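Just so it is clear, the values below take in all heavy atoms, side chains as well, and ignore hydrogens, waters and symmetry mates. Throughout, protein chains are lettered first and strands after them, A, B, ... in sequence-line order, and every chain is numbered starting at 1. None of the values given here were measured: they were computed from a predicted structure.
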2 protein chains.
Amino acid sequence: MVINNEEKKILSNYLAKRGLRDTAQRETILEAFLQAEGHLSAEELYDIVKSQDRSIGQATVYRTLKLFTEAGLAREVHLSDNSVRYEHLYNHEHHDHLICTVCNRVVEVKEPAIEILQSALAERHGFNLHDHRLYLYGICKDCRESQDSPNR
Amino acid sequence: MVINNEEKKILSNYLAKRGLRDTAQRETILEAFLQAEGHLSAEELYDIVKSQDRSIGQATVYRTLKLFTEAGLAREVHLSDNSVRYEHLYNHEHHDHLICTVCNRVVEVKEPAIEILQSALAERHGFNLHDHRLYLYGICKDCRESQDSPNR
DNA sequence: CTCGTTGTTGATAACCATTATCGGTAAGTT
DNA sequence: AACTTACCGATAATGGTTATCAACAACGAG
Ligand SMILES: [Zn+2]
Ligand SMILES: [Zn+2]
Ligand SMILES: [Zn+2]
Ligand SMILES: [Zn+2]
């Protein structure tokens with residue numbers, strides 16, 4: 001069990017500031033979340049949490065993920081059209097997502113020039129930008145090659 | 001009743017190419033869609049269609065909007081997190097969306113430089129880009145001014 | 001035109017991720 | 001201890017979307 005002191009502190013501070021309580025469930029869910037990689041759904045996290053503490057309910061996982069988001073520990077990601085997923089936010093640089101529509105592979109990408117242009121664009125329209133979502137959909141090299149292969 | 005011959009032809013061509021049929025319902029829904037402005041949900045379009053032909057069912061509107069999307073007449077927009085909305089695509093230049101998170105106003109914006117950088121970014125990762133979604137969330141000038149007003 | 005095939009439709013049930021509800025519990029306070 | 005309030009888990013409910021299915025309409029072959 002890795003100890004993520006920084007994240008725990010952030011959560012504790014957030015809870016204290018709001019008059020909320022630091023409970024065992026929230027710590028268990030935080031640890032499960034921090035140990036998981038990638039972009040996971042509430043239900044996937046619920047499965048992990050269950051294997052740790054069978055008594056924790058599904059609704060609590062939903063509630064707590066929302067809490068993490070508000071506390072700045074998690075970020076919502078909408079990879080495909082329906083499901084919401086979560087990724088680590090604290091200590092992770094901002095990035096956007098490049099998604100292969102054939103194999104569903106997700107690549108995290110950074111392009112500071114785009115970020116700057118976004119701010120300028122918003123500014124030009126009188127907006128104070130505080131968030132954005134950029135999803136790039138395409139076909140990755142592997143899928144292109146296997147599609148072009150001479151079977152068919 | 002405006003006659004949108006071009007769009008009707010596009011739909012007819014698409015249907016013919018796929019061996020699908022050109023029905024009265026599809027034409028009614030197309031006309032309703034083309035007359036509506038902005039970004040509307042399937043249910044909103046259904047309300048409009050109903051006022052035209054009460055016998056058309058909700059499922060048909062959902063099906064037909066998907067059809068329009070495949071035919072290149074409509075484009076899905078995901079303004080807020082849950083609902084899917086549709087906007088005109090044919091004869092409308094590509095744009096992205098700037099959304100005020102206070103009043104929900106939506107501004108359509110264009111920034112060719114961002115588009116170019118997106119392609120280059122995808123290319124660099126071996127992807128063939130065929131679509132993207134960019135949503136910019138901020139607070140518009142009006143909302144900023146009314147928030148800063150000295151009542152409170 | 002008749003018949004068989006296949007796409008289409010509307011009503012409705014089902015789905016499924018998420019949220020609301022609620023009774024009970026635990027933490028913190030006085 | 002008594003009280004307040006946040007929290008929890010179980011479960012029902014929600015709401016947008018999709019699947020199902022029987023009836024129907026277009027089409028093509030004969
Ligand atoms: Zn970005
Ligand atoms: Zn990511
Ligand atoms: Zn764009
Ligand atoms: Zn638009």
Side-chain angles (χ1 to χ4, degrees), chain A residues 11-33 39-71 74-87, chain B residues 8 11-33 39-71 74-86:
Chain A
L11 180 62
S12 293
N13 285 344
Y14 178 80
L15 294 172
K17 196 169 51 184
R18 292 273 191 130
L20 307 177
R21 291 171 189 164
D22 212 331
T23 65
Q25 288 95 332
R26 285 171 178 164
E27 289 212 0
T28 300
I29 296 171
L30 178 59
E31 279 178 10
F33 173 64
H39 313 88
L40 33 71
S41 64
E43 198 150 358
E44 286 166 355
L45 181 57
Y46 175 51
D47 287 340
I48 298 172
V49 167
K50 255 193 312 192
S51 72
Q52 197 92 5
D53 180 346
R54 184 147 301 269
S55 75
I56 291 181
Q58 194 173 14
T60 303
V61 175
Y62 276 92
R63 283 188 284 238
T64 306
L65 273 173
K66 209 163 270 186
L67 197 67
F68 291 170
T69 303
E70 291 164 7
R75 178 188 179 211
E76 285 188 6
V77 184
H78 303 74
L79 297 187
S80 69
D81 285 344
N82 264 346
S83 61
V84 177
R85 293 175 169 273
Y86 293 86
E87 65 182 6
Chain B
K8 283 187 184 173
L11 180 61
S12 294
N13 285 344
Y14 178 80
L15 294 172
K17 197 169 51 185
R18 292 273 190 129
L20 306 176
R21 291 170 188 163
D22 212 332
T23 65
Q25 288 93 333
R26 285 172 179 165
E27 289 211 1
T28 300
I29 295 171
L30 179 59
E31 279 177 11
F33 173 65
H39 312 88
L40 33 73
S41 65
E43 199 149 359
E44 285 166 356
L45 181 58
Y46 175 52
D47 287 339
I48 298 172
V49 166
K50 255 194 310 192
S51 71
Q52 196 94 3
D53 179 347
R54 184 148 300 271
S55 75
I56 292 181
Q58 193 173 16
T60 303
V61 175
Y62 275 93
R63 284 188 284 239
T64 307
L65 274 172
K66 209 165 268 186
L67 197 66
F68 293 168
T69 303
E70 291 164 8
R75 179 188 179 211
E76 287 188 3
V77 184
H78 303 74
L79 297 187
S80 70
D81 285 342
N82 262 348
S83 62
V84 177
R85 293 176 169 273
Y86 293 86

task = For B/Ser41, check side-chain contact (heavy atoms from CB on, under 4.5 Å) against everything at least two apart and list the hits.
result = B/Glu43, B/Glu44, B/Arg85
ask   = Between C/dT19 and A/Gln58, is there an OP1 or OP2 to side-chain N/O distance shorter than 4.0 Å?
value = no
query = Of all residues at least two apart in sequence or in a different chain, which pass the salt bridge (Lys or Arg N to Asp or Glu O under 4.0 Å) check with A/Asp22?
reply = none
message = Any heavy-atom pair between the side chains of B/Val49 and B/Thr60 that's under 4.5 Å?
response = no
inquiry  = Counting primed atoms plus P, OP1 and OP2 as sugar-phosphate and everything else as base, spell out the protein contacts along nucleotides 20-27 of chain C at 4.0 Å heavy-atom distance: B, S or - for each nucleotide, 5' to 3'.
reply    = BB----BB
task = Measure from CZ on A/Arg85 to P on C/dT18 and round the result to the nearest Å.
result = 10 Å
message = Less than 4.0 angstrom between a side-chain N/O of A/Arg26 and OP1 or OP2 of D/dC8, yes or no?
response = yes
key: Separation of atom CZ in A/Arg54 from atom P in D/dC8, rounded to whole Å   = 19 Å
ask   = Which salt bridge (Lys or Arg N to Asp or Glu O under 4.0 Å) pairs, counting each pair once, include a residue from residues 57-71 of chain B, with sequence neighbours left out?
value = none
ask   = Who are the ring pair (Phe, Tyr, Trp, His ring centres under 6.0 Å) partners of A/Phe68, not counting sequence neighbours?
value = A/Phe33
Sugar-phosphate, base or nothing in reach of B/Ser55, heavy atoms under 4.0 Å = sugar-phosphate
Atom-to-atom span, NE2 of B/His78 to P of D/dG16 - whole angstrom = 15 Å
note = For DNA chain C, consecutive-pair runs of 3 or more (Watson-Crick or G-U wobble, both H-bond-type distances under 3.5 Å) give C:1-30 with D:1-30
message = Output the rounded distance in Å from CG (A/Leu15) to P (C/dG28).
response = 12 Å
query = What integer distance in Å separates A/Gln25:CD from D/dA6:P?
reply = 17 Å
note = By side-chain contact (heavy atoms from CB on, under 4.5 Å), A/Leu20 pairs with (sequence neighbours left out) A/Leu15, A/Arg18, A/Arg26, A/Leu67
ask   = Of A/Asp22 and A/Lys66, whose closest DNA chain C nucleotide lies nearer the 5' terminus?
value = A/Lys66
request  = Return the value, rounded to whole Å, for the distance between atom OH of A/Tyr62 and atom P of D/dG9.
outcome  = 15 Å
ask   = Between A/Arg75 and A/Thr69, is a side-chain contact (heavy atoms from CB on, under 4.5 Å) present by the stated rule, with each step listed?
value = CA-CA 6 Å; A/Arg75 178 188 179 211; A/Thr69 303; over 6 Å; no
request  = Sequence neighbours left out, what pairs pass salt bridge (Lys or Arg N to Asp or Glu O under 4.0 Å) with at least one residue falling in residues 47-56 of chain B?
outcome  = B/Asp47-B/Lys50
remark   = Looking only at C/dG7, D/dT18, C/dA17, the nucleotide nearest the B/Leu20 side chain is C/dG7
key: Partner set under side-chain contact (heavy atoms from CB on, under 4.5 Å) for A/Arg21, not counting sequence neighbours   = A/Thr23
message = In whole Å, I'd like the distance from the CZ atom of A/Arg18 to the P atom of D/dC7.
response = 11 Å
ask   = To the nearest Å, how far apart are A/Glu76 CD and C/dA17 C1'?
value = 13 Å
